[in-house]
Amino acid sequence: MAMRNIREEGDSILLKHSRPVTDFNRRLHTLLDDMRETLLAADGVGLAAPQVGVLRRAVIVMDTNKEELSPEDQIIELINPRIVSSDGEQTGQEGCLSVPGVYGIVTRPEHVTVRAQDRFGNFFEAEGDGLTARCFCHEIDHLDGHLFTEKAERILTPEELEEMNREEK
Ligand code: ZN
């Protein structure tokens, strides 16, 4: 496994459309393993392949509803993911490893069901509430070249960011 560089806003690859994964081979597994390592090192909650420079429809998301598991075991791999149903609404803070230091207020569904394939090509469905649902939407947006900053009602001010950092400590 190896860490990969996280592409940041301004890099045009983040605005491109990713192609479906068709080969569930060692190359894909290496990409996913590297994405896992990169996500854990960055202490993030989700990562999409284009964020590490690969225009393929693969994302990983931390299922933060499963706090009893180790971070490594909370990771869900979603290949060719598609949102099949969503309901409710949540409005809250959102950030992105590709837009460091910036947080915005974004409205997302409260509950999301995703149909995807695993790393071997088997289809499955994953459900998420709250932060996990937000993450599913955010990461799938990356596959279509969208960043959360486009969807944010507003970006947090430096004062609000300071407040947020204080609350975290
Ligand atoms: Zn992101």
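Computed from a predicted model, the values in this text were never measured in an experiment. Note that ligands are numbered from 1 as they come in the structure, with each ligand's atoms numbered from 1 the same way.
Scanning for side chain to side chain contact (heavy atoms under 4.5 Å, CB included) contacts around Arg4 gives Thr30, Leu31, Asp34, Thr38, Val52, Val54, with sequence neighbours left out. Shown here are the ring-ring contact (aromatic ring centres under 6.0 Å, His included) partners of His111, two or more places apart in sequence or in another chain: there are none. Applying the side chain to side chain contact (heavy atoms under 4.5 Å, CB included) test to Thr157 and every residue at least two apart in sequence or in another chain returns Glu159, Glu160.
The backbone N or O of Ala2 lies less than 3.5 Å from a partner atom in the side chain of Glu37, making a donor-acceptor pair. Not a single donor-acceptor pair under 3.5 Å links the side chain of Arg115 to the backbone N or O of Ile83.
Within a 6.0 Å radius of CG in Asp73, more than 12 heavy atoms belonging to other residues, nucleotides or ligands are found.
Screening the protein for N, O or S atoms under 2.8 Å from the Zn ion (ligand 1) yields 3; no waters enter the count.
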